[in-house]
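See structure below.
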Amino acid sequence: MTVIEWTALLPLVILAMTPAAAMVALAVCRSYRMTCTIAAAGLLLAFLALFRSFAPAPLQVTPLLMIDRYALFFIGLMVSAGFVVVLLSYEYMKVREERREEFYILVLTALLGSAILACACHLASLFLGLEILSVSLYALIAYHHGIRSSIEAGIKYLVLASFSSAFLVFGTALVYAESGTLEITRMALTVVAPGTGPVLQAGTILIVIGIAFKLAVVPFHMWAPDIYEGSPAPVTAFIATVSKGAVFAFLLRSFSQVDFIREGAIAVFFTLMAVASMFAGNLLALFQDNVKRLLAYSSVAHMGYLLVAFLADGPIRVAAVAFYLVAYFVTTLGAFGVVTVLSGESRDADALDDYRGLFYRRPWLAGIFTAMLLSLAGIPMTAGFIGKFYLMTAGVGNALWMLVMSLVITSAIGLYYYLRVVVVLYEPQAETPTVSAALPAATAALTAMVLLLLWLGIYPGPVVEMIQAMGTIGY
Amino acid sequence: MILLWIILIPLAGGLLAWVLGLRSDRSPRRVCLASLGADLVILLYLWFANLPAAGTGGVWIAQVSLPWLPRLGIGFHLAMDGISLLLVLLTVFLGMAAVISSWGEIGRQAGFFHFNLMAALTGIMGVFVAVDLFLFYFFWELMLVPMYFLIALWGHERRLFAAVKFFIFTQVGGLLMLAAILGLYFIHGRETGTYTFDYVKLLGIAVPEPAARLILLGFLAAFLVKLPAVPFHAWLPDAHTEAPTAGSVILAGLLLKTGAYGLMRFALPLFPAATRELAPIAMALAVIGILYGAVLAFAQTDLKRLVAYTSISHMGFVLLGIFAFNETALQGALIQMLCHGVSTGALFILVGSIQERIHTREMGRMGGLWSVAPRLGGAWLFFALASLGLPGMGNFIGEFLVLLGTYPVSIPMTAAAAAGLILSTVYAVRMIQKAVFGPNRGGWRIADLTIRETGMMAAMMFVILWLGLYPQPFLNTARGSLDRLLETGRTELTAGLSPSIDPGGVHDSH
């Protein structure tokens, strides 16, 4: 490998070195604050290294990884999200666990897996990234080993993720047997080319199912509510954002050369999943009294929305997906951040009753949660509005009427349950307010999220320009 | 830049009110009143400075255009013509009335209440002056959230149900409109090569036929829900009844006008041919609305609900006037919008003050209020008469002009709509009779209107009388703008329609 290639890989290298460094440091001295500092510093360094990697990009490093601006953008997004998760967890883990230092090592390895997914241009690197991510998540989900629901969620995720990996591997085998390539863009093109045999198509469908499991789109969404509910709140935030974002980045890259309008079968498969996710996600969320489960179903719906842009052709596909993911990251981190901050020592604040009258107890937090919920609903002045606008633009521009209509109808349904939570925040509460301890790190993170949310909603120009400058996907 | 100030002053006032509201319950309303007063002064200055020119001069009285999201062809483009000016004036006027009317009603969270009130007003003003379609949609959606909070947090018994119903109805309409806006955007982009949301540029193309019809339907989905036209009105009675007084004033007085304004500003000039095709259906809906609203108003026992149903009836006249496609009818529609805003706003305020005093809205329990509260009774009588369209009041001018303009287009429609006037007399007289006249069965002993309330009522009466006795300044201000809305259609449809349908409009005699 040449120096240039190392420079391009620098962010990944840093992401790999940081957990190693943290482990070594832990062996010397077991300090919570030090581990957090190492994790935060590593993430910061990795983020800065992204700018060094801009010059050589796009550059293919080994047949496995493609370092282009697209990959760097998503790595940047995920590293920032990881940083926020670290901030959110700082006080949260402090009061809960005896052995809390390893938590950050697992977050860092999960981020490494996600970063690999963002640059994966080969089925081997897909598998590599996915497994690094999943294995870290098993442990993260079940991190509260004293709580039953946490263990249950961990085991569920283990079974389901292994199951979906099996789909993926089997699909890969079939595709390889037929096409003789493991390179994803070439593979995607052979798959959609006319006259493909049933084996190849079956293989592709299996791979897509494997990916759909990770994204939790209908009908592969069953795991989401249980795992969202059982995981520690910051981990839920991580699963909802980084893990899904990484997989979506991979999906988008692999189909970047495919023109969906001309290719019938696979587009129909994706369309069905999108429509089903939008409807099922929103309808199932309607009567949830558990905020984490509600947000889980809402994220199922949001993945469905995202597929609308994914199915649009032309340059708007990447732009719309990228912007929507940014908005979704900010909003979801903010929403789960509020859940994190409100959570007590023994259990997470996931019942709707925990939020009753929040406005009178902690007005700032209630304001932030309101902003996040309105953004999820796509109301102006929030990031979610511009994101939804982008999706609609992509859908209408490609005349995807069925998807656009589903988006309109389900957005209205979705409004109902977001507003339901918002109103609960402002309902008067009879009990005397309990004031919890101040959480400077988490509050700072939340404040940053709400400012970002408003900035993206009111003046999205710079971010839009950045996404456009990110350019096309290298191959 | 003056437009930016007009929009920002109330918003800043609202934010300040929120901050001050944390300390005291009284200062928010003063701040709001002051900021709206400042706006009123600016607007009156603009109006008088442009009065001679507004009818004939340049297209816009004032405009401001800043880049916002140039990559997608989105600009922060605000512009004001005669129509917008009058509607923004109405917004500020009713905004002040709303603040005054909730002087004693809002006990808790006064700061947050006033912030929502001002935010809703800001959104409404934005709707009236935005000429970038993205920006228009932005304001269109923006005004919903504070409105939702006003109903859901400070409303009456079934407030949550009403608030959610209101939000979902308008949101579905709004999203369909967004799809239509995007359709228009892409058609314009493909035809001319420039992708833009700017209204003035979008006016430059003729949208091809099947697409025009679909896009128009998308716009209508939003506008007819807001207006509201039967059968999209189901949200209105609940939302109006459950909202706090200030919320009802804004809903009935201003929010409904945004639907009518959208029809005038966007549907008419952008799709001249398609709107004319749809005109018979729209006029039929309008007439059904006029009669249906009036009949249902008669059947109500809840006073506030009654006033809510009269709105459906009155807004039917506006819809009828817009779809008659001539200057007279359009002028009538605009006057009707202004008068309905003021008179229904006043009626809601009066219902609110009655409810505040006797704690019920049931007409069966009222009666004889005149004897104990003559000022309240007198105001009630005045605005009920305005509502039935008594000559001398503005509402009469509006309805008369609409009927006059509709007559050459369709005699049966005109006749049916005129029957609505009779029905409105029936419910208005019943409303007066049950509430303020008759024996004082409940044995009510209530305080009369305070000086503050009396002053506000006097100002509203003055506006109604002005519009009824000397509407010419208003007509002059809007005439040029209304003409232009019709012109884009006329140049396109030179053949096919007989010119005799245009009776020429009411022109200035001096």
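Computed from a prediction, not measured in an experiment: that's the story for all the values here. The sequence lines fix the lettering, A, B, ..., with proteins before strands; numbering per chain opens at 1.
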Do the non-hydrogen side-chain atoms of Leu72(B) and Thr393(A) ever get within less than 4.5 Å of each other? no
Close side-chain approach of Leu160(B) to Arg420(A), heavy-atom, < 4.5 Å: no
Kindly say whether the aromatic ring centers of Phe385(A) and Tyr137(B) come within a distance under 6.0 Å. yes
Residues passing the salt bridge (charged side-chain N to carboxylate O under 4.0 Å, His left out) test with Asp238(B), sequence neighbours excluded, are Arg158(B), Lys165(B), Arg305(B)
Using modelled atom types and a 3.5 Å cut-off, is there a donor and acceptor pairing between side-chain atoms of Trp68(B) and backbone atoms of Gly461(A)? no
Test ring-ring contact (aromatic ring centres under 6.0 Å, His included) on Phe167(B) and Tyr418(A); report intermediate values, then the result. CA-CA 12 Å; Phe167(B) 206 122; Tyr418(A) 294 126; over 10 Å; no
Could you tell me the separation between the OG atom of Ser411(A) and the CG atom of Leu178(B), rounded to the nearest 0.5 Å? 10.0 Å
Could you please state which residues from residues 192-199 of chain B sit under 4.5 angstrom from chain A, measuring non-hydrogen atom to non-hydrogen atom, sorted by number, or 'none'? Phe197(B)
To the nearest 0.5 Å, atom CG of Leu69(B) lies from atom CD1 of Ile386(A) at 6.0 Å
Let me know if Leu374(A) has heavy atoms under 4.5 Å from chain B in its side chain, its backbone, both or neither. side chain
For chain A, which residues of residues 9-22 of chain B have at least one non-hydrogen atom nearer than 4.5 Å to it? none
Can you tell me how far the CG atom of Leu419(A) sits from the CD atom of Gln171(B), to the nearest 0.5 Å? 8.5 Å
Is any side-chain heavy atom of Ile379(A) closer than 4.5 Å to a side-chain heavy atom of Tyr148(B)? no
Residue part contacting chain B, namely of Thr410(A), when any heavy atom lies under 4.5 Å: neither
In this structure, CG of Leu175(B) is separated from NZ of Lys388(A) (nearest 0.5 Å) by 7.0 Å
If I take atom CZ from residue Phe76(B) and atom CD1 from residue Ile458(A), how far apart are they, to the nearest 0.5 angstrom? 10.5 Å
Testing the basics here: between Glu141(B) and Pro380(A), what is the closest heavy-atom pair and its distance to 0.1 Å? CB-CG, 3.1 Å
So, the part of Leu144(B) with a heavy atom under 4.5 Å from chain A: the answer is neither
Contacting region of Val464(A) [heavy-atom separation from chain B under 4.5 Å]: side chain
Taking all non-hydrogen atoms of both residues into account, name the closest pair between Ala152(B) and Val423(A) and its distance. CB-CG2, 4.0 Å
Indicate every side-chain donor-acceptor pair of residues 115-135 of chain B with a distance under 3.5 Å to a residue at least two apart or in another chain.
unit_1, atom_1, unit_2, atom_2, d
Asn116(B), ND2, Phe112(B), O, 3.2
Thr122(B), OG1, Met118(B), O, 2.7
Asp132(B), OD1, Phe134(B), N, 3.0
Asp132(B), OD1, Leu135(B), N, 3.4
Asp132(B), OD2, Gly75(B), N, 3.0

I'd like to know which of Leu153(B), Ile181(B), Val172(B) tops the heavy-atom pair count under 4.5 Å against chain A. Leu153(B)
For the candidates Gly189(B), Gly183(B), Pro67(B), Ala179(B), which exhibits the highest count of non-hydrogen atom pairs separated by less than 4.5 Å from chain A? Ala179(B)
